[in-house]
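A note on names: the letters A, B, ... follow the listed sequences, proteins ahead of strands, and every chain is numbered from 1. Everything quoted here is computed from the prediction, not taken from an experiment.
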4 protein chains.
Amino acid sequence: MSTQARRGNTRQRIQDVALELFSEQGYDKTSLREIAEKLEVTKAALYYHFKTKEDIVISLFQDLGRPIDELIVWAEGQPRTLETKKELIRRYSESLRSAEPLFRFMQENQAAVRDLSIGESFKSRMLTLFGLLKEPDAELTDQVRCITALFSMHAGMFSMQNLEGDPEEKRKAILEVATELVTAANPPHRRPARPDSAQTVSP
Amino acid sequence: MSTQARRGNTRQRIQDVALELFSEQGYDKTSLREIAEKLEVTKAALYYHFKTKEDIVISLFQDLGRPIDELIVWAEGQPRTLETKKELIRRYSESLRSAEPLFRFMQENQAAVRDLSIGESFKSRMLTLFGLLKEPDAELTDQVRCITALFSMHAGMFSMQNLEGDPEEKRKAILEVATELVTAANPPHRRPARPDSAQTVSP
Amino acid sequence: MSTQARRGNTRQRIQDVALELFSEQGYDKTSLREIAEKLEVTKAALYYHFKTKEDIVISLFQDLGRPIDELIVWAEGQPRTLETKKELIRRYSESLRSAEPLFRFMQENQAAVRDLSIGESFKSRMLTLFGLLKEPDAELTDQVRCITALFSMHAGMFSMQNLEGDPEEKRKAILEVATELVTAANPPHRRPARPDSAQTVSP
Amino acid sequence: MSTQARRGNTRQRIQDVALELFSEQGYDKTSLREIAEKLEVTKAALYYHFKTKEDIVISLFQDLGRPIDELIVWAEGQPRTLETKKELIRRYSESLRSAEPLFRFMQENQAAVRDLSIGESFKSRMLTLFGLLKEPDAELTDQVRCITALFSMHAGMFSMQNLEGDPEEKRKAILEVATELVTAANPPHRRPARPDSAQTVSP
DNA sequence: GATGAATGAGGCTTCATTCAT
DNA sequence: GATGAATGAAGCCTCATTCAT
């Protein structure tokens, strides 16, 4: 790529390389020097585009996290039926496909990300999704089902790298299991007879 | 603790503090200086007891990972029935209880741990457990179920910190869901037609 | 100030902001980035108006130091009487009033200014003033008096910020003391009557 | 000096070189690299002895500022007579002789020192001295006299470098003028005869 | 069983400055 | 009259590690 051709998209290129390295080697292990070298620019050039190393992560998250935000907005406008939840899970799975490296990065660098300003924001998004999946007064096991559904989708993608099979098929399998979990967490009958309390499992 | 009383168990104390800090702040963010300061010894003292920083992690894993190894040995000596698998899951859950900080550390510092010599060894233990849970020729969805069961137990502990409820109850809820997943992954019927597998539970 | 109204006087505005920041935070601690940001222009814009950072200081000194130069020219054209010297001090005090931030800057950043080309020029101006205040063959103590008079006027302004009282009154008080010092350093009768101490003002 | 012989006094040597460079070139212009190079150690060695660059300054001030503190303690235990004040000034002059580079540094780097934690502590010491020199209800001019006395002793030392004459003689001359100023600021007769102006020396 | 002193490598960040547009 | 993009040098600081005592 010529010097000429690189103009104007350096910011984007920094994000790409940074995400690649962050997700491959970890946040702490990836130095700005390394990113700069891979891009054949100086470290100072990075600082022209981003105020700090953390800022790069923030920008990644803002760009790639947008689909998730939109998904949340969508879900909040829907009736809280099981159908909606299944569709939510399905769409989420889809979103993760394109944002995979970002989620891998988040998943594998939790400790490092924790004190980046973004940690909280990420966590709160997860909690919102969780809130959308579970019944308001769900039992503990059902809550666990929902959280597990969510996390299996994140972790799944990489912790299953060793499994044979093509990625798209794996994604579908994960989605299937996650859907089962959410379905199990949202029993259809049990609700008419339960004005607001739980636990009664009647035959 | 008096200076007197501290004699002779410095090694242990280093491990304790290191694990605490590693799991709280992350591996990369925790410096030997910090560990030494918290112990009120010098950095050099750490080097008397451990050859490198990585060595501390290795020692932690050797000590706290032993129960898992024993569990594996036990499981390998059992018939590969669903009952065994359920018991395996149950015992695993129990082991995690005491080794929680270590697993939290592993979970949240995957990127950092990846190029520590221990990374592989940890991963291989997970794969062994996975192999013990799943049917040899299990379908993809069933494999996902088993992996999810395993990971929900790791992640569960910390990603569910925000949930209300006492830790022991949560652990039980997680175990319940994990057991369900494993059960679902090991369907009882489907087996008559499969001559080459073991597991046949009923005629 | 509208974008429209800012046209054409950017140079001036740079000087204003630069002086303000230099005198508030120090020369080294004030970056061109900071100046540019406060002006809402880019750093490159500063370079359109000034060749270097040092150039900004030089320009400040040329503009604000002119009154001092004029004062020197005036004094050199007067008879070297005590009256002239007192008037010189008085006018100097007046000049300092408007050039206060510049002098504060010079006073508090001596080390930083020393290797700016301007350092020497400032120092030589001070020496010229000193030469105009003291008798050609003044004793050491009288020389000290003159220098002290000069410096008390510079330092005075800021080192007395903590004192209560309004600025104008303080300036007058400082001028009064400085005048005394100059007067004491310029005995009317060619000092036959002064064995070694001072104070005696009239026979 | 052999490697052997340098042991144990590195801390001291750092302080010496640092003070020398700080006072010669200014605080901001002196890098730790420079100090380290001059000492033929690595930068990291400096950090073994001092936590930060600022810490070096603090240590200098603690060591060299002690005489001033002792002087203050002494003065506070004396009757507040003119004699005491003159003796205070005399002793102060003496102290400055040994701490000259430190004071030069403080004087010429006011801007840089201002936001070092020590700035305040220095300033407050000056204010205490000022309080000890002036009468509690002194007029503004008398206050100016006292401050000028103090500052002439600081500034004097270096701003008079250009003057011919040996340093010790200059110091004495400065002390003489400072003493005069303090004397003038402490009129013996409780000022019944001084409605608001000064100058009148005899009844 | 531990310390004191030091090192080499490298981290993030900031700065003054340049130049094509 | 000014900007956008970039650079090279340098700053402060921290880290894991070593070794003589």
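Residue A/His49 places at least one side-chain N or O closer than 4.0 Å to OP1 or OP2 of F/dA6. The phosphate of F/dC15 (OP1 or OP2) has a side-chain N or O of B/Ser31 nearer than 4.0 angstrom. In this structure, A/Tyr48 reaches the F/dA5 phosphate: one of its side-chain N or O atoms is under 4.0 Å from OP1 or OP2. Phosphate contact (OP1/OP2 of F/dA5, side-chain N/O of A/Thr10, threshold under 4.0 Å): absent. For the OP1/OP2 pair of E/dT17 and a distance below 4.0 Å, the side-chain nitrogens and oxygens of C/Tyr47 include at least one atom meeting the criterion.
As a whole-Å value, the separation of C/Glu37 CD from F/dG4 P is 13 Å. In this structure, the CD atom of B/Gln12 is 14 Å from the P atom of E/dG1, given to the nearest Å. Between D/Leu46 atom CG and F/dG11 atom C1' there is a gap of 13 Å when expressed in whole angstrom units. As rounded to whole Å, 16 Å separates atom C1' of F/dT7 from atom CG of A/Leu32. Distance, A/Glu40 CD to F/dT7 C1': 15 Å, rounded to whole Å. Protein atom CD1 of B/Ile35 is 12 Å distant from nucleotide atom C1' of F/dC15, rounded to whole Å. Rounding to whole angstrom units, CG of residue C/Asp28 and C1' of E/dA16 are separated by 12 Å. Atom NZ of D/Lys29 is separated from atom C1' of F/dC12 by 17 Å (rounded to the nearest Å).
Checked against E/dT3, F/dC13, E/dT17, the side chain of C/Thr52 finds its nearest nucleotide in E/dT17. Among the nucleotides E/dA6, E/dA16, E/dA2, the one closest to any side-chain atom of B/Ala45 is E/dA2. Comparing atom distances between the A/Arg33 side chain and each of E/dA16, E/dG4, E/dG10 picks out E/dG10 as nearest. Picking from E/dA2, F/dT14, E/dT18 the nucleotide with the shortest atom distance to the side chain of D/Ala44 gives F/dT14. Closest approach to the C/Thr42 side chain among F/dG4, F/dC15, E/dA6 is made by F/dG4 (side chain taken as heavy atoms from C-beta onward).
Figure legend. F/dA20 is base-paired to E/dT3; pairs are counted as Watson-Crick or G-U wobble with both atom distances under 3.5 Å. Base pairing annotation: E/dT13 forms a Watson-Crick or G-U wobble pair with F/dA10, both donor-acceptor distances under 3.5 Å.
Counting atom types as modelled, C/Lys43 pairs a side-chain N or O with a base atom of E/dT17 as donor and acceptor under 3.5 Å.
Taking the six-membered ring where the residue is Trp, C/Phe22 and C/Phe105 present parallel rings, their angle staying beneath 30° rather than reaching 60°.
Closest approach of D/Gly65 to D/Leu102, counting heavy atoms only: N-CD2, 4.4 Å.
Nearer the 5' end of DNA chain F, as judged by each residue's closest nucleotide, is the contact made by C/Arg11, out of B/Glu54 and C/Arg11. With DNA chain E read from its 5' end, the first of the two nearest nucleotides for A/Lys53 and C/Tyr27 is the one closest to A/Lys53.
In this structure, B/Phe103 has its ring center no closer than 6.0 Å to that of B/Phe61.
Side-chain atoms of D/Gln25 and D/Glu34 form a donor-acceptor pair, as typed in the model, at a separation below 3.5 Å. Checking B/Glu108 against B/Ser23 by side-chain atom types alone, no donor-acceptor pair falls below 3.5 Å.
A cation-pi contact, defined as under 6.0 Å to the ring centre and within 45° of the axis, links B/Lys53 to B/Tyr27.
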